[in-house]
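Contents: one structure, followed by commentary.
Bear in mind that the values here come from a model prediction, so they are computed numbers and not experimental data.
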Amino acid sequence: MHPAYTLVSPPETTASVVVASPHSGRHYPRSFLRQSMLDERSIRSSEDAFMDMLVEAAPRLGAPLLAAEFPRAYIDLNRSPDELDPGVIDGVGRVAQTPRISSGLGVIPRVVANGRAIYRGKLSREEAGERIAQVWHPYHDQLDTLMRDAHGRFGEATVLDFHSMPHEALDSVVRPGTRRPEVVLGDRFGASARGDLVDAIEAAFLDEGLAVSRNAPFAGAFVAQRYGRPSRGWHAVQIEIDRSLYMNERMIRPNGNFDSVRRIVTSVLARAIAATPGAMPLAAE
């Protein structure tokens with residue numbers, strides 16, 4: 001079985017931050033591709049391609065990097081394992097119809113970008129359960145362990161959950177005469193992270209010349225909801241970056257700005273890590 005994730009640990013952990021990339025996985029099992037009616041490029045359209053490469057400096061900055069190996073089209077690690085879609089999983093009984101399930105974006109997605117169906121038919125309940133057991137649970141068990149370790153060591157833990165968004169995703173929220181956001185920070189409207197940390201991340205992106213929006217149209221999904229518990233000292237910030245800044249979305253390959261955007265993300269990571277408790281004192285020991 002292919003591993004569910006890649007974990008790159010720092011030479012020395014000097015921050016209470018965990019950097020995560022749950023949608024950049026690009027291991028597409030052959031059995032999955034045979035089940036799909038999409039071509040290789042189409043099935044990758046929901047992938048946060050290369051995001052793990054943009055955040056690869058995290059371990060050098062003292063924070064562990066957790067990156068998914070399997071793609072979002074196969075299983076969505078930013079969903080609850082209970083978000084089962086009867087439209088794609090056979091044998092699922094009556095479930096609460098959340099907007100994500102209704103749109104085909106449950107834990108086992110029914111569609112990729114632009115609502116294109118992934119499968120010819122339905123998956124068995126057993127196969128869906130195997131994906132959750134073999135991929136979802138190992139990834140979240142590891143993320144939970146990293147958060148607990150950080151909290152035990154520093155008294156606080158923060159997951160920076162990095163994603164990318166299609167350029168067209170903001171078409172419906174951009175008002176005429178205003179600049180299109182290039183970064184969307186989601187903290188569930190203040191419920192998943194302390195405000196000064198989100199302020200620091202926003203300021204870091206703004207100082208790099210990027211336009212930033214908060215919670216619109218992405219306020220944070222399952223990871224932010226599960227791991228963002230400020231009253232317990234657990235914080236979660238979802239960070240969405242416009243794909244067109246660093247990649248050719250149609251061809252799914254880095255563009256000429258990739259290294260520049262990676263430098264920007266590295267700078268933002270450094271400032272975010274510096275804004276967390278314990279980072280500077282431990283580094284000075």
Enumerate the ring pair (Phe, Tyr, Trp, His ring centres under 6.0 Å) contacts for residues 170-212, please, sequence neighbours excluded, ordered by first and then second residue.
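The answer is none; no pair qualifies.
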On a heavy-atom basis, which atom in [X] and which in [Y] lie closest, and how many Å separate them?
{"X": "S16", "Y": "A150", "value": "O-CB, 3.9 Å"}
{"X": "R262", "Y": "M53", "value": "CD-O, 3.3 Å"}
{"X": "A193", "Y": "P230", "value": "N-CG, 3.6 Å"}
{"X": "G104", "Y": "D85", "value": "CA-OD2, 3.7 Å"}
{"X": "Q238", "Y": "A221", "value": "OE1-N, 3.2 Å"}
{"X": "A15", "Y": "T276", "value": "CB-OG1, 4.4 Å"}

I'd like to know if [Y] and [X] are part of one continuous hydrophobic network [Ile/Leu/Val/Met/Phe/Trp/Tyr, side-chain heavy atoms within less than 4.5 Å].
{"X": "L206", "Y": "F162", "result": "yes"}
{"X": "I43", "Y": "M251", "result": "no"}
{"X": "M51", "Y": "L105", "result": "no"}
{"X": "Y119", "Y": "L33", "result": "yes"}
{"X": "V19", "Y": "V198", "result": "yes"}

Rounded to the nearest 0.5 Å, how far does [atom2] of [Y] lie from [atom1] of [X]?
{"X": "S244", "Y": "E182", "atom1": "OG", "atom2": "CD", "answer": "8.0 Å"}
{"X": "L210", "Y": "E202", "atom1": "CG", "atom2": "CD", "answer": "11.5 Å"}
{"X": "N257", "Y": "R263", "atom1": "CG", "atom2": "CZ", "answer": "11.0 Å"}
{"X": "E208", "Y": "I264", "atom1": "CD", "atom2": "CD1", "answer": "5.0 Å"}
{"X": "E56", "Y": "L269", "atom1": "CD", "atom2": "CG", "answer": "11.0 Å"}
{"X": "L84", "Y": "L123", "atom1": "CG", "atom2": "CG", "answer": "11.0 Å"}

Should M37 and I118 be marked as a side chain to side chain contact (heavy atoms under 4.5 Å, CB included) after you check the CA-CA gap, both sets of side-chain angles, and the distance that decides it?
CA-CA 6 Å; M37 58 184 180; I118 297 173; over 6 Å; no
[X]: which residues meet the salt bridge (charged side-chain N to carboxylate O under 4.0 Å, His left out) condition with it, sequence neighbours left out?
{"X": "R194", "result": "E156, D196"}
{"X": "D141", "result": "none"}
{"X": "R148", "result": "D144"}
{"X": "D48", "result": "R243"}

Start with the C-alpha gap between D39 and S42, add the side-chain angles, then the distance that decides, and say whether side-chain hydrogen bond (donor to acceptor under 3.5 Å, both in side chains) holds.
CA-CA 5 Å; D39 59 47; S42 297; 2.9 Å; yes
Looking at side-chain heavy atoms only, is the closest gap between [X] and [Y] below 4.5 Å?
{"X": "I75", "Y": "F32", "value": "no"}
{"X": "S103", "Y": "V111", "value": "no"}
{"X": "E83", "Y": "T98", "value": "yes"}
{"X": "F258", "Y": "M247", "value": "no"}
{"X": "H23", "Y": "D76", "value": "yes"}
{"X": "F50", "Y": "S24", "value": "no"}
{"X": "I252", "Y": "R41", "value": "yes"}
{"X": "Q225", "Y": "S192", "value": "no"}

May I ask you to decide whether [X] forms a salt bridge with [Y], counting only side-chain N to carboxylate O separations under 4.0 Å?
{"X": "R26", "Y": "D52", "value": "yes"}
{"X": "E47", "Y": "R72", "value": "no"}
{"X": "R44", "Y": "E40", "value": "no"}

Cation-pi check, R131 onto Y74 ring (under 6.0 Å, within 45° of axis):
yes
Would you tell me whether H235 and D187 have side-chain atoms, one donor and one acceptor, within less than 3.5 Å of each other?
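No, D187 and H235 have no side-chain donor paired with an acceptor closer than 3.5 Å.
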Can you find a side-chain donor-acceptor pair between Q35 and E127 that sits under 3.5 Å?
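Side-chain D/A pair, Q35 to E127: present.
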Atom CZ of R253: over 12 foreign heavy atoms under 6.0 Å
no
Does any N or O in the side chain of [X] come within less than 3.5 Å of the main-chain N or O of [Y], such that one atom is a donor and the other an acceptor?
{"X": "R180", "Y": "A211", "answer": "no"}
{"X": "W136", "Y": "S80", "answer": "no"}
{"X": "H151", "Y": "T158", "answer": "no"}
{"X": "R188", "Y": "G220", "answer": "yes"}

Parallel, tilted or perpendicular for H140 and Y227, by the 30°/60° rule?
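Ring orientation of H140 relative to Y227: parallel.
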Give the C-alpha distance, both sets of side-chain angles, the deciding distance and a yes or no for side-chain hydrogen bond (donor to acceptor under 3.5 Å, both in side chains) between D161 and H163.
CA-CA 7 Å; D161 203 46; H163 298 258; 2.7 Å; yes
Could you pull out every donor-acceptor pair under 3.5 Å between side chains of residues 61-69 and any protein atom, sequence neighbours left out?
residue: E69; atom: OE1; partner: H2; partner atom: NE2; Å: 2.8
residue: E69; atom: OE2; partner: T6; partner atom: OG1; Å: 2.6

Please determine whether side chain to side chain contact (heavy atoms under 4.5 Å, CB included) holds for the pair Q142 and L7, giving the CA-CA distance in whole Å, both sets of side-chain angles, and the decisive distance to 0.1 Å.
CA-CA 9 Å; Q142 182 62 74; L7 173 63; 3.8 Å; yes
Pair V184, R214 - check side chain to side chain contact (heavy atoms under 4.5 Å, CB included), show working.
CA-CA 6 Å; V184 178; R214 285 206 198 183; over 6 Å; no
Give the intermediate values and the outcome of side chain to side chain contact (heavy atoms under 4.5 Å, CB included) for residues K122 and I89.
CA-CA 5 Å; K122 288 188 177 183; I89 304 171; over 6 Å; no
Candidate pair S45 and R116, rule side-chain hydrogen bond (donor to acceptor under 3.5 Å, both in side chains), full reasoning
CA-CA 10 Å; S45 61; R116 290 170 290 183; 3.0 Å; yes
